[in-house]
Participant: 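Mind having a look at this structure? Questions to follow.
Just so we're on the same page: letters track the sequence lines, and every chain starts at 1.
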Amino acid sequence: MSRVSENSSSASIKFALNKAKSKLEDLQLKGSTLRDINRPSDAPLDTVEGLSIKSTRSDNKQFLRNVNHAKLNLNITESSLQQLTDILVKAKEIGIAQSSDLYNPEVRGSVANEIKQMRNQALSIANKRIGQKFLFGGHKTLNTPFEPDGTYNGDKGKSTVEISKDFFVPVNLHGREIFYGDKDKPTPSIRPLESLQDDATIPTAERKIASESAPKTDDGHTSRNNIFAHLDALASGLDNDDPDLIQSLLPKLDQDIDRLIGLRTQIGSLVNSVQNSENIINTEQVDHAERYSHLMDADVAELFSNIQKQQDILQTTYKSSQGLMNQKLLDFMR
Amino acid sequence: MSNLLNIGKTGLDASKSSLKTTSHNIANANTEGYSRQRVHQTSNTPINKSGHIMGTGARVVSVNRIHDQFVENKLSRTITSNEFYGTRSESLTQLENIFNEVDGEGLNYVLNDFYNSFRELANQPENESIRSLVRDKADLVVKDFKRINDKLETEARGVDQKLKVEVQDVNTLLKRTADINKKIAVLEAGGQQTGDLRDQRDNLLRSLSESFEIKTYEDEKNRFVISAVGIGTLVTGTEVQELATKPVSKEQSKNGMPGSVEVYYKTRPNNPISDRFSGGRMGSLIKARNEDIQTITQKVDSIAYDFANSVNAIHRRGFVNRKIPLNEMGNPPLFDKKGPTTGINFFAEPMGIDGASKNLSLSREVESDLTNVATALDPNSPGDNRVALAISKLQHEKIAGNGSTTLEEEYLQTIGNIGIETGKAIFDKEQSEGLLAQAKNMKERISGVSIDEETANMVRFQHAYEASAKVMQTADEMFQTVLAIKR
């Protein structure tokens with residue numbers, strides 16, 4: 001039997017009360033925030049995972065903004081291409097109709113005016129803007145990309161946007177690939193950073209003059225192989241009443257139309273993948289939110305039953321202390 | 001017959017001494033560190049009287065305190081480790097608060113925002129107002145690095161202050177112990193032990209072991225010696241080896257901070273002993289300052305360094321967002337009238353890893369002109385977003401820790417480590433609190449006063465006193481009887 005002294009019994013009472021109270025306090029904090037983790041030391045690994053989910057979630061929010069941006073760009077590009085196709089199809093129909101000797105020069109003259117009108121329309125599409133920026137100027141988005149004579153002032157720059165982690169899509173077509181029948185098709189770069197990659201991580205690396213690789217743009221208009229030139233030629237063919245010229249233009253217009261359709265297919269599939277990744281991100285966001293809540297939030301039912309339990313323990317501790325504190329042998333010796 | 005009176009008197013004396021001790025015990029029932037005392041009494045030497053050996057009453061040998069040195073040592077060690085973990089969990093909780101992003105926004109959040117602002121800029125590289133957003137977000141990153149560095153430094157300085165106070169307290173305790181040693185030596189010269197003074201000395205020793213781990217013993221000349229584990233002797237009898245503190249230069253300091261406080265023996269000012277204290281508040285404070293805070297500061301510095309350098313490396317390759325007239329060769333000039341056109345740092349170039357988070361700032365160019373925020377890899381290409389994209393992709397590049405992790409992973413790992421350490425310290429603290437309560441209880445069970453017990457003793461001694469008095473009364477009556485014979 002161990003001996004009990006005044007101090008030993010009051011110390012045990014204090015210790016027991018303190019323990020019960022500090023547990024209750026901890027639970028009450030959790031009850032007021034409804035969170036299981038209030039500081040990293042509560043669960044270090046879960047905290048780290050939670051924080052990394054938090055940043056993924058805010059990245060995803062940004063990616064959703066990027067998706068909207070990409071969709072806006074791609075949709076406007078697509079509708080421009082459609083208008084352009086319509087114009088060319090119409091021009092081709094006119095060309096087919098006028099390629100025979102059926103019509104007289106007066107009729108052809110008025111048709112030529114229609115073609116000129118179409119050419120102006122095509123030019124306005126080529127210089128289309130979203131806000132302050134020109135859509136088809138490559139990277140030179142603040143200069144008017146096409147001069148009235150059809151000269152291209154832009155470059156072959158492609159803007160890419162990250163629509164989900166490490167997934168980049170090009171969001172613009174440059175004027176050359178739309179209006180010029182170039183053979184050198186620039187492949188859309190899926191990793192736009194590759195040019196930067198090699199020395200991006202080496203702080204002291206020699207900086208290259210980036211303009212060395214800048215695409216040269218000055219030889220394009222000399223070929224006269226572009227939509228504007230084709231429409232011009234068609235108009236002059238009509239003006240000059242020259243069915244042979246008109247006939248020779250038909251395959252070129254066909255090529256133009258084919259190219260536009262090819263580009264539209266490209267844009268369409270891009271829109272699809274953008275849409276797709278939007279859906280994926282949205283589902284991901286829900287999953288992440290669930291996981292985050294699972295990590296950080298308190299199980300309310302369990303929490304409150306724990307609080308109840310701890311309150312009971314405290315009550316019992318009070319009651320049992322009462323007997324120890326208030327009674328002495330002296331009380332029974334009067 | 002006079003013998004009988006004498007025996008009665010020894011009984012009265014013994015009982016009175018016991019009662020006195022009992023009342024002393026009761027009076028000190030709540031005195032901190034008091035050990036209950038007991039009268040050690042024995043029977044007197046018997047005498048041979050007409051062939052019979054007869055007892056001659058009782059006598060008080062000594063008054064002793066009930067005390068177990070082993071338990072006392074254990075208690076002192078438990079106090080040391082409890083203080084160590086208590087202080088440790090306190091300091092680490094403070095550190096943890098600096099990095100607590102569970103509730104609000106911290107470095108991870110602002111870094112994330114920074115990268116996303118570059119993504120937004122990549123969407124609209126022509127847009128001036130998004131450039132200003134990028135600059136604001138970068139400013140927040142700079143501020144948060146500074147905040148963290150500031151808080152860490154404040155913590156380290158706080159430790160310095162606490163160390164000074166600790167050493168003052170320790171010196172006071174050492175002097176008081178030496179005083180008591182002197183008093184004890186005087187009082188105990190007669191060979192008896194003084195329980196009360198020893199209790200007081202034990203109290204002082206317990207306070208001392210809050211600061212660091214100590215060992216005590218009595219040397220061959222009966223001098224009481226206190227030594228700090230890992231350090232050396234502090235008190236020998238009445239002689240005190242005082243401790244002192246002084247701020248030292250950055251090179252001499254143990255944590256690489258100028259003016260940090262180091263501990264010395266007062267007599268040997270060139271021999272710092274700060275990192276040799278084991279356990280207790282001082283051991284814990286010094287460990288927090290020289291290990292935890294320093295490691296974290298270095299970690300954050302290296303993150304700031306890698307971050308600024310990698311952003312700069314990409315940003316330098318970009319061209320400014322304004323019209324640059326090309327020269328005859330068709331190349332852009334390196335300077336225009338607003339300054340350089342390319343090769344611009346986004347952040348001011350860090351001088352080195354040391355102090356990188358403290359000194360992080362936007363470069364002068366970016367600070368002064370928004371067109372110096374580069375997005376384009378080619379000159380005169382307002383729609384070129386490749387640089388902005390590349391900077392935003394740094395978020396997922398393994399640029400920290402010599403290319404083994406991303407900055408975010410590195411930073412979260414740091415938070416995780418602090419969390420783990422803090423959790424461990426809190427756990428250790430709770431456990432050592434339990435152990436301390438147990439050790440205290442053990443001591444109190446042995447040495448503490450129990451009122452019930454003293455009450456029972458009081459009754460017992462009072463009865464013995466009454467009985468002894470009765471013996472004397474009987475002896476007196478016997479005298480009367482004898483005297484009456486002659487009448």
Participant: Using modelled atom types only, decide if a donor and an acceptor are shared between the side chain of B:Asn108 and the backbone of A:Ser55 within a distance under 3.5 Å.
Facilitator: no
Participant: For the residue pair A:His139 and B:Pro382, establish whether any side-chain heavy-atom pair is separated by less than 4.5 Å.
Facilitator: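 Heavy-atom side-chain distance check fails, nothing below 4.5 Å.
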Participant: Side chains of A:Arg3 and B:Ile446: closer than 4.5 Å at any heavy-atom pair?
Facilitator: no
Participant: Show your reasoning for whether side-chain hydrogen bond (donor to acceptor under 3.5 Å, both in side chains) applies to A:Asn18 and B:Glu433.
Facilitator: CA-CA 11 Å; A:Asn18 236 333; B:Glu433 269 170 359; over 6 Å; no
Participant: Can you tell if the side chain of A:Asn7 reaches within under 4.5 Å of the side chain of B:Val449, non-hydrogen atoms only?
Facilitator: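 No. Closest side-chain heavy atoms not under 4.5 Å.
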Participant: Check whether B:Lys440 reaches the backbone of A:Ala11 with its side chain - one donor and one acceptor, N or O, closer than 3.5 Å.
Facilitator: no
Participant: Under the criterion side-chain contact (heavy atoms from CB on, under 4.5 Å), I'd like the reasoning laid out for A:Met296 against B:Val102: C-alpha separation, chi angles, the key distance, then a yes or no.
Facilitator: CA-CA 8 Å; A:Met296 310 298 261; B:Val102 175; 3.7 Å; yes
Participant: In plain terms, say whether A:Lys140 and B:Asp384 are close enough for a salt bridge, that is, a side-chain N and a carboxylate O under 4.0 Å apart.
Facilitator: no
Participant: So which part of B:Glu408 gets closer than 4.5 Å to some heavy atom of chain A, the side chain, the backbone, both or neither?
Facilitator: side chain
Participant: State whether the side chain of A:Ser159 and the backbone N or O of B:Gly383 hold a donor-acceptor pair below 3.5 Å, judged by distance alone.
Facilitator: yes
Participant: Would you mind checking which part of A:Asn73 comes under 4.5 Å of any heavy atom in chain B, side chain (CB onward), backbone (N, CA, C, O), both or neither?
Facilitator: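 Neither the backbone nor the side chain of A:Asn73 comes within 4.5 Å of chain B.
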Participant: I'd like to know if the side chain of B:Ser450 reaches the main chain of A:Ser5, judged simply by a donor and an acceptor atom lying under 3.5 Å from each other, with no hydrogens or angles considered.
Facilitator: no
Participant: Check whether any side-chain heavy atom of B:Leu412 sits under 4.5 Å from a side-chain heavy atom of A:Glu49, and report yes or no.
Facilitator: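 The answer is no; the side chains never approach within 4.5 Å.
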Participant: Tell me, do A:Lys165 and B:Lys393 make a side-chain contact under 4.5 Å, heavy atoms counted?
Facilitator: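 Contact flag for A:Lys165/B:Lys393 side chains = yes.
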Participant: Compare all side-chain heavy atoms of B:Thr455 with those of A:Lys328 and state whether any distance is below 4.5 angstrom.
Facilitator: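 Result no, sub-4.5 Å side-chain heavy-atom pair not found.
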Participant: Are the side chain of B:Asn123 and the backbone of A:Val67 linked by a donor-acceptor contact shorter than 3.5 Å?
Facilitator: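 Here the side-chain-to-backbone pair does not exist.
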Participant: Which atoms form the tightest heavy-atom contact between A:Leu329 and B:Ala456, and what is the distance?
Facilitator: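 Smallest interatomic distance, heavy atoms only, reads CD2-N, 4.0 Å.
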